[in-house]
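Okay, so here's the structure we're looking at.
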Amino acid sequence: MSPAQAPPTARVDVWLWSVRLFRTRSLATAACKAGHVRINGERAKPAAPVGPGDRVVVRGGERERDVGVVQVLLKRVGAPAAAAAMVDHSPAPLPREVFAVPRRERGAGRPTKRERRDITRLRGH
């Protein structure tokens, strides 16, 4: 197969930055060096080639991302084009639990000893 017919590939750190999984290419490179990026189950170095059909798993940040490569990108593109260049196989993010923070009524005076202990326990001290 001649070089003109070879399937297109890109460096994994460039592709991760291009599809907006990382804000900067430096962060993508650091994640690869730290072992947080895997291509088809294998740990990936920053210069590892990635092409259509590959599966890239990125740990770190808010959650683990599992994406499939649909299109190789070498430059950062807009969000709609980035979404079209990958297939997200990640599980849905967990809902953020909203809990009511107990508040004292204004003008209620100093907290009692029991209330102070409850406040300390709530803060985790």
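Everything quoted here is computed from the prediction, not taken from an experiment. No hydrogens, no waters, no symmetry mates; every other heavy atom, side chains included, goes into these values.
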Quiz item: Going through the distances and angles, do R116 and R121 end up as a side-chain contact (heavy atoms from CB on, under 4.5 Å)?
Solution: CA-CA 9 Å; R116 283 197 318 265; R121 194 176 312 114; over 6 Å; no
Practice problem: Would you sort out whether R11 and V50 count as a side-chain contact (heavy atoms from CB on, under 4.5 Å), showing the intermediate values? | Solution: CA-CA 6 Å; R11 288 175 56 116; V50 66; over 6 Å; no
Practice problem: Give me the one residue out of V12, V37, D13 that meets side-chain contact (heavy atoms from CB on, under 4.5 Å) with P46. | Solution: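 Of the listed residues V12, V37, D13, the side-chain contact (heavy atoms from CB on, under 4.5 Å) partner of P46 is D13.
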How long is the gap from [atom1] on [X] to [atom2] on [Y], to the nearest 0.5 Å?
{"X": "L27", "Y": "W17", "atom1": "CG", "atom2": "CH2", "result": "12.0 Å"}
{"X": "L16", "Y": "H36", "atom1": "CG", "atom2": "NE2", "result": "13.0 Å"}
{"X": "D54", "Y": "N40", "atom1": "CG", "atom2": "CG", "result": "4.5 Å"}
{"X": "Q71", "Y": "S18", "atom1": "CD", "atom2": "OG", "result": "10.5 Å"}

Would you mind writing out the side-chain donor-acceptor pairs for residues 106-114 within the sub-3.5 Å range, not counting sequence neighbours?
| residue | atom | partner | partner atom | Å |
| --- | --- | --- | --- | --- |
| T112 | OG1 | E115 | N | 3.2 |

If I compare all heavy atoms of [X] with all of [Y], which pair ends up nearest, and what's the gap?
{"X": "W15", "Y": "V56", "result": "CZ3-CG2, 4.3 Å"}
{"X": "L74", "Y": "T9", "result": "CD2-O, 4.4 Å"}
{"X": "P52", "Y": "P8", "result": "CD-O, 3.5 Å"}
{"X": "I39", "Y": "P49", "result": "CD1-O, 4.0 Å"}

Quiz item: Within the side chain of R20, is there an N or O that forms a donor-acceptor pair under 3.5 Å with the backbone of V77?
Solution: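 Pair found, side chain donor or acceptor close to backbone of V77.
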Quiz prompt | R38 side chain vs G41 backbone, donor-acceptor pair below 3.5 Å | solution =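 Checking the backbone N and O of G41 against the side chain of R38, a donor-acceptor pair under 3.5 Å is found.
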Self-check item: Any side-chain heavy-atom pair of V67 and V19 under 4.5 Å
Solution: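 Of all side-chain heavy-atom pairs linking V19 with V67, none is under 4.5 Å.
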Self-check item: Beyond-backbone contact of V58 with F22, side-chain heavy atoms, under 4.5 angstrom
Solution: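 Yes. Closest side-chain heavy atoms under 4.5 Å.
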Exercise. Would you mind listing every side-chain hydrogen bond (donor to acceptor under 3.5 Å, both in side chains) that reaches into residues 73-88, with sequence neighbours excluded?
Key: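 Counting only pairs at least two positions apart or across chains, the side-chain hydrogen bond (donor to acceptor under 3.5 Å, both in side chains) contacts touching residues 73-88 are R65-D88, D88-S90.
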Self-check item: Neighbour count >12 (heavy atoms, 6.0 Å) for atom CZ, R63
Solution: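 Counting neighbours around CZ of R63, more than 12 heavy atoms of other residues, nucleotides or ligands fall under 6.0 Å, so yes.
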Quiz item: Same hydrophobic cluster for V14 and L73, using side-chain heavy-atom links shorter than 4.5 Å among ILVMFWY?
Solution: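 Different hydrophobic clusters.
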Practice problem: State which residue, out of R55, R59, H89, fulfils the side chain to side chain donor-acceptor pair (under 3.5 Å) condition with D66. | Solution: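 One option only clears the test, and that one is R55.
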